[in-house]
Structure formats: structure tokens, C-alpha cells
Amino acid sequence: MPSGEEGLAQLSEILVFQQPLRGTAQDVVDLARTSLGQCDGVGIQVLAGDIVDARATTDARSFDLDTLQDELDDGPCIECLRDGERHDLEPVTSDERWPRFGPSARRVGLIACSALPLVAHDELIGVLNLYAWPAVGFAGWDRRQCGTFAHRASNLLASAQAYARTQVLIAELEGRLAAIPGTQIGN
Amino acid sequence: MNEPREALEDELSDLAGLLQTDESLDAMLGHVADIAVRAIPACDAAGVTLFEHDKVTTAAASGPLVQRVDNHQYSADEGPCLESLRTGEIRRSPSLADDKRWPKFRGPTLDEGVVSCLSLPLVIGNHGTGGVLNLYSQNRPFEEADEVIGRRFMPPASVAVANARAYAKAQAVIEQLQEALQSRDVIGQAKGIIQARERCSPDEAFERLRDLSQHRNIKLRDLAKAVVDTPDILDG
């Protein structure tokens with residue numbers, strides 16, 4: 001299991017052109033879970049304007065918690081997407097800022113969560129949700145390390161999006177070219 | 001010169017992740033060379049050599065010295081950069097004056113005032129060595145400690161270069177496709193003009209255009225543009 005520093009280093013070694021954006025997002029959440037201490041599950045949403053461009057989670061419980069926040073339109077993830085700020089819920093048992101999400105999350109064993117904004121080129125491009133559900137011993141996250149991870153993940157995902165856009169444009173241009181009948185270039 | 005090394009490593013790691021979509025590949029490679037000069041104590045000049053289409057080129061350099069020394073390697077077909085490119089391994093020469101490995105490269109390089117060099121391969125998994133980060137010193141030798149820092153730079157620098165190259169290649173494909181589309185648009189317009197003037201089918205109009213192109217020895221696209229600009233040339 002990589003340390004926080006190793007996780008950051010590995011994040012800087014992901015190639016953006018070897019897989020679709022969804023794969024890069026999956027790499028980011030997997031690396032976050034294994035390298036950020038006290039992190040039991042991770043979810044991510046990557047945006048293109050107002051549309052969710054890619055989603056990824058490390059496990060079923062994180063998927064359910066991401067979905068729950070979406071469905072209830074409540075929780076740190078939703079608030080982070082609204083104001084672009086980091087929002088921590090720790091521990092849920094004494095935090096009632098999100099009255100709809102809090103009790104439901106408690107029922108599935110969530111101890112704490114942190115929603116980190118993903119910002120690249122001064123633009124909010126998504127949110128990284130860290131979840132913790134250990135029975136005892138949750139000591140909070142290393143805020144600085146999580147912030148650095150989110151910053152670097154933002155850059156990586158923005159690059160993956162930029163590359164993905166080139167591939168979409170190439171496919172579109174090829175389609176338009178193929179649709180023009182009867183011309184042969186090359187004379 | 002005395003910036004904290006961690007800050008420079010962070011800068012390079014950021015560069016690896018963030019594609020500057022409004023910046024050229026050369027500019028990005030220039031940043032990598034610049035960070036290397038600032039981070040590695042003995043380094044006075046740095047450059048990135050890329051290998052593409054069976055050709056080596058100096059794609060970025062911190063100053064004119066780099067291009068001159070690189071040229072000595074390319075023309076002699078030997079030197080630390082080329083060896084690093086071929087083997088995928090680091091090549092360090094603490095003292096070029098005492099180094100017998102590259103006799104044709106050594107003389108002209110010493111004449112440039114370079115006393116020591118360090119070449120770091122930019123390797124991406126099974127993609128092979130796509131380039132080399134070359135570091136030159138005019139004052140002091142590259143020691144083991146410089147190589148250790150250099151090794152830390154290799155992964156993020158390799159990724160930065162690979163990502164930027166992939167993006168640049170995709171951009172080039174887009175430009176080619178857009179050019180081809182524009183070309184076909186012009187041909188389509190010319191066909192329309194011929195159809196209207198000669199009351200023929202689209203296929204016949206294209207045949208007429210192609211015959212004229214061959215007869216007058218003008219490229220199809222150029223002829224089509226001429227027809228669109230001056231339809232009367234069809235009468236000539």
C-alpha cells in the first residue's frame with residue numbers, strides 16, 4: 001500500500017492518453033483510498049460544465065453514499081459542487097448540517113466524510129469524496145495531504161478531459177469526412 | 001538557485017499532470033529543462049532531445065549551448081544522450097576530459113567549455129525511450145548526488161513529455177482532418193457550379209473537375225478553389 005507521498009508520486013505518473021476519462025477517474029479514487037490514511041472508500045464526479053462527465057467509486061458503499069447525496073440533494077458533496085469549497089462532516093453523529101443526508105449516512109455506518117473540490121485552470125471540474133466507516137479510531141484526515149492530492153488529481157483529470165475532447169473531435173471530423181460522397185482527395 | 005528542491009519536484013509533478021492546452025509542446029518541454037537547471041546543483045544548461053520518425057531533435061533548450069553540444073552528438077553519432085536513448089539508461093560523465101567513451105563527441109564539447117554531463121532517459125512503460133533530458137555543466141562535475149536528484153525527476157518528466165506529445169499528435173490529426181474537410185468543401189462547391197453551368201449530375205461534375213485537373217496539371221483542390229473564385233475558367 002503506497003504512503004501519501006508515494007500516492008502523490010504515482011498520481012503524477014498516470015498517462016492521460018492510454019484509457020478513457022472514466023479509467024483515469026477510477027485510478028484516482030483507487031489511489032486515494034490506498035494512499036490517504038484513514039480513508040475507507042472514495043467517490044468522484046468529474047464535470048464538463050453542468051454535466052457529469054465521469055463518475056467512479058472504489059466500492060459499493062461509496063457508490064451508495066455518492067448516489068444518496070445526489071438523490072437527497074444534500075450533503076458535503078452537493079455543497080462542495082455548489083460553492084467550490086471543501087466540506088467536512090466529522091463525525092456524522094454530532095454534525096447536523098446536512099439533515100437529510102446525515103441520518104441516512106449514519107444508518108449505513110458512515111463515521112466521517114470529506115468533499116474536496118477539484119479545480120483546474122481556476123474552474124471547478126468536480127468533487128472528490130473521501131469516506132470513513134471504521135468502528136473506532138477515526139482521527140481525521142491529513143488536510144494538507146488531501147488538499148495536495150485533490151490539486152494534483154484535478155490537473156490530471158483536466159488533462160484527461162482535454163485529451164478526451166480531442167478524441168471526440170477527431171471522431172466527429174472523421175464522420176463528417178466519411179459522409180461526403182464522391183470525392184477523392186490526393187491528386 | 002536555492003529554491004527548495006521539494007517545491008521544484010512539486011512543480012514538475014504538477015507539470016506532469018496538467019496539460020497546458022494553450023501552450024505548445026516545445027514550451028512545455030522548455031519548462032521541464034528550466035526546472036532541471038534550477039533543481040540540480042551542478043546543472044548550468046539543460047535540454048530535451050526527442051526521438052521521432054527515426055530522427056533525433058533538440059526540442060527544447062535552456063540556452064544556445066545545449067543545441068550546439070547536442071549537435072556535436074548528432075553529427076558524431078555518439079555521446080551520452082544518444083547512448084541513453086538507445087539503452088534507456090542514465091549516462092553520467094563526471095569529467096569529460098578523462099572520459100574515453102565518446103572520443104568524437106568529447107573534443108568539440110570540451111571546446112564549448114562543458115566539463116561534465118548527465119543524460120536522463122524519458123521512458124514510458126512499454127513505449128520505450130521517447131526522449132532524453134540532457135544536463136550540461138561548465139563549472140563542476142555531476143556527482144552521484146546530482147544523479148540521485150535526476151532519477152527523481154525522470155518519472156514525472158517522462159509523463160509530462162508523453163502526455164504533451166500525445167496531445168500535440170491529436171491536435172495535428174485534428175488540423176489535418178479540418179484541412180481535408182475544407183478541401184472537400186471547396187470541391188463540393190466547385191461541383192455545384194459545374195452542375196449548374198453544364199446541367200450534369202454530381203458524378204459527372206466531379207469527372208469534369210478531375211479531367212480538367214489532370215489536363216491542366218493543377219491539384220484538384222487548387223483547381224476547385226479557382227473554379228469557385230472564377231467560374232469562367234471552366235470555359236478556357
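Here is the naming used below: chain letters follow the sequence lines, and residue numbers restart at 1 for every chain.
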Please determine whether the number of non-hydrogen atoms from other residues, nucleotides or ligands lying under 6.0 Å from atom [atom1] of [X] exceeds 12.
X       : atom1 : result
F63(A)  : CZ    : no
Q178(B) : CD    : yes
N217(B) : CG    : no
R176(A) : CZ    : no

So how far is it from E179(B) CD to L173(A) CG, rounded to the nearest 0.5 Å?
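Reported to 0.5 Å precision, the distance equals 12.5 Å.
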
Pairwise distance CD1(I170(A)) to NZ(K169(B)) - rounded to 0.5 angstrom
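These two atoms lie 12.0 Å from each other.
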
If every non-hydrogen atom of [X] is compared with every non-hydrogen atom of [Y], which pair is closest and at what distance?
X       : Y       : result
N163(B) : V16(A)  : OD1-N, 2.9 Å
F17(A)  : A162(B) : CE2-O, 3.4 Å
T166(A) : A170(B) : OG1-CB, 3.4 Å

Please walk me through it: do V159(B) and I14(A) pass side-chain contact (heavy atoms from CB on, under 4.5 Å)?
CA-CA 7 Å; V159(B) 170; I14(A) 294 175; over 6 Å; no

Which region of Q167(A), side chain (C-beta onward) or backbone (N, CA, C, O), has a non-hydrogen atom less than 4.5 Å from a non-hydrogen atom of chain B, or is it both or neither?
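Answer is side chain: those atoms of Q167(A) sit under 4.5 Å from chain B.
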
